[in-house]
Engineer: 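Got a structure for you, written out below as structure tokens; questions coming shortly.
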Amino acid sequence: MRRGLTIFLIINLLIICFLIRSVYTLLTLLVEDGSADAIHPAEIPAPNSPLIDDRPQLIPKIIHQTYVNDTVPERWREAQKSCVDLHEDYEYKLWTDVKSREFIATEYPWFLATFDNYSQPIQRADAIRYFVLNHFGGIYIDLDDGCNRRLDPLLSYPSWVRRTHPTGISNDAMGSIPHHPFFTLVIESLIPYNRDWKLPYITVMYSTGPLFLSVIWQEYKRGRQSEVGSFIGPAGSSGRWNGMEETRVRVLMGDEYNKQPWAFFRWHGGSSWHGSDARLVFWMGRHWMLLTASGFLIAGVVGLGIWWIYGRVLLLGERRRKGGKSPWATAAGWTQRIVLLRRGSAKGYELVARHEV
Ligand SMILES: *[C@@H]1O[C@H](CO)[C@@H](O)[C@H](O)[C@H]1NC(C)=O
């Protein structure tokens, strides 16, 4: 093969590898269904079953919610009340803006600057839930999610999140023991992921929101898998396994979350902050086939463009070597270059090829 073409292909391969590497976790989310860690309906005792009391209760009985201040709007009061009324023996914490900031300033001062500088209030509402789960443990519930039954069976898992469609997990209902390694990783990842993606919706999703949480979840599972591989030997694995079970993040699937009589939550649907860019993202979600095809098309066109420019550069370099002085340096050089380009556009490939023989 000609040297020029080989170099061109290698450079493009490197670029593709780099791109795939940087979006690898996002790609794995497309094929992740969470089934390996799913909490199966069969392992959850029915509401009011005496079996519920026989289960270990690892997560502390605390319900966390967030709102701007203590005056919860009328439309969410019923949902809020449904959770409070069902859990009179649980501690209830409503994290207002003031309380959230105080808490971060006291317990996680290294995060205060980032917390204060978030451009969207929802980013603070996202972040605070991870910190309180990491610090106190308990169950976080969005204010627009009501409770359908007591959450006691969910206290038996050291950590759980909720599966969403089409992909990933949500951050609107989560539970954890204090200092669970997953939530520790989550709060540690907030600063590195704090980037401005120009569209507010994407910025929120990917810096603190569900997409951020889903990506960290993928990374956490990958890291944990490699640890399982090195820790668990054939002998004495059961003791280890308990330790590993504790670090596992279980996944609450759709039916157990909503819509069924035995589901834990009732979704009231009150996303209060979706803007026009959110509609764009939802549209993109529905048309991902089209977008993928256009992606390949654009990549092809860009690839050809790079090939063309590469040919021009080789050609100019060759001219420069022959002419002894840079064609960029003088006005004559400019004319020469323009002529070169015009001529080159018709015969680019042959010209490049000739230099390369
Ligand atoms: C609480 O916040 C809401 C929404 O920003 C506002 O309308 C309301 O006046 C606030 N209530 C108090 C008591 O500050």
Side-chain angles (χ1 to χ4, degrees), residues 61-88 90-109 111-136 138-148 151 162 164 170-175 183 186-187 190-191 193-213 257-258 265-282:
K61 289 183 166 178
I62 310 173
I63 290 177
H64 302 276
Q65 299 201 292
T66 58
Y67 189 62
V68 183
N69 51 38
D70 284 313
T71 324
V72 172
E74 194 58 43
R75 63 183 184 284
W76 290 329
R77 285 226 193 109
E78 191 212 321
Q80 180 196 27
K81 192 169 178 306
S82 67
C83 290
V84 172
D85 288 355
L86 275 168
H87 302 92
E88 276 171 348
Y90 282 43
E91 191 180 344
Y92 179 81
K93 287 178 186 281
L94 182 66
W95 291 95
T96 61
D97 284 2
V98 173
K99 280 187 201 152
S100 301
R101 191 177 186 282
E102 264 171 25
F103 171 74
I104 295 290
T106 317
E107 298 293 344
Y108 299 94
F111 189 70
L112 189 62
T114 313
F115 189 75
D116 283 342
N117 286 330
Y118 279 135
S119 59
Q120 311 287 327
I122 186 79
Q123 290 175 294
R124 278 183 281 278
D126 278 334
I128 189 69
R129 63 191 74 176
Y130 307 135
F131 280 97
V132 296
L133 282 184
N134 184 66
H135 188 82
F136 300 100
I139 295 178
Y140 170 84
I141 312 167
D142 256 5
L143 208 48
D144 51 5
D145 283 350
C147 295
N148 192 45
L151 304 175
R162 165 174 106 74
T164 47
S170 172
N171 67 356
D172 58 6
M174 315 172 272
F183 282 99
V186 168
I187 62 171
L190 282 166
I191 292 180
Y193 276 76
N194 179 24
R195 272 191 264 162
D196 185 359
W197 296 90
K198 299 308 165 204
L199 286 178
Y201 186 78
I202 297 196
T203 302
V204 169
M205 288 287 280
Y206 204 29
S207 65
T208 57
L211 186 57
F212 160 77
L213 192 67
Y257 171 71
N258 195 11
F265 300 98
R266 262 185 293 146
W267 188 65
H268 286 240
S271 294
S272 46
W273 56 280
H274 287 333
S276 57
D277 56 339
R279 283 195 289 277
L280 171 69
V281 171
F282 288 137

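All values below were derived from every heavy atom in this structure, side-chain atoms included, with hydrogens, water molecules and symmetry-related copies excluded. Read the numbers this way: they start at 1 and go in the same order the structure lists the ligands and their atoms.
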Engineer: Have a look at Gln65 and tell me which of Tyr92, Tyr140, Trp95 forms a side-chain hydrogen bond (donor to acceptor under 3.5 Å, both in side chains) with it.
Structural biologist: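 The side-chain hydrogen bond (donor to acceptor under 3.5 Å, both in side chains) with Gln65 is passed solely by Tyr92 among Tyr92, Tyr140, Trp95.
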
Engineer: What pairs with Tyr206 under side-chain hydrogen bond (donor to acceptor under 3.5 Å, both in side chains), at least two apart in sequence or on another chain?
Structural biologist: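 Checked Tyr206 against side-chain hydrogen bond (donor to acceptor under 3.5 Å, both in side chains); zero matches.
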
Engineer: Is there a donor-acceptor pair closer than 3.5 Å between any side-chain N or O of Thr203 and the backbone N or O of Trp197?
Structural biologist: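 Between the backbone of Trp197 and the side chain of Thr203 there is a qualifying donor-acceptor contact (under 3.5 Å).
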
Engineer: As a quick check of understanding, evaluate ring-ring contact (aromatic ring centres under 6.0 Å, His included) for Phe131 and Phe111, giving each step before the final call.
Structural biologist: CA-CA 10 Å; Phe131 280 97; Phe111 189 70; 4.6 Å; yes

Engineer: My understanding is that only residues two or more places apart in sequence, or in another chain, count here; which of them pass side-chain hydrogen bond (donor to acceptor under 3.5 Å, both in side chains) with Asp116?
Structural biologist: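 With sequence neighbours excluded, Asp116 shows a side-chain hydrogen bond (donor to acceptor under 3.5 Å, both in side chains) to Arg101, given in chain and number order.
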
Engineer: May I have the N/O to N/O pairs between ligand 1 and the protein that fall below 3.5 Å, each with atom names and distance to one decimal?
Structural biologist:
residue	atom	partner	partner atom	Å
ligand 1	2 (O)	Asn69	ND2	2.4
ligand 1	11 (N)	Asn69	ND2	2.9
ligand 1	14 (O)	Asn69	ND2	3.4

Engineer: I'd like to check the side-chain hydrogen bond (donor to acceptor under 3.5 Å, both in side chains) partners of Asp70; sequence neighbours left out, ordered by chain and number.
Structural biologist: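 Partners of Asp70 under the side-chain hydrogen bond (donor to acceptor under 3.5 Å, both in side chains) test: none.
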
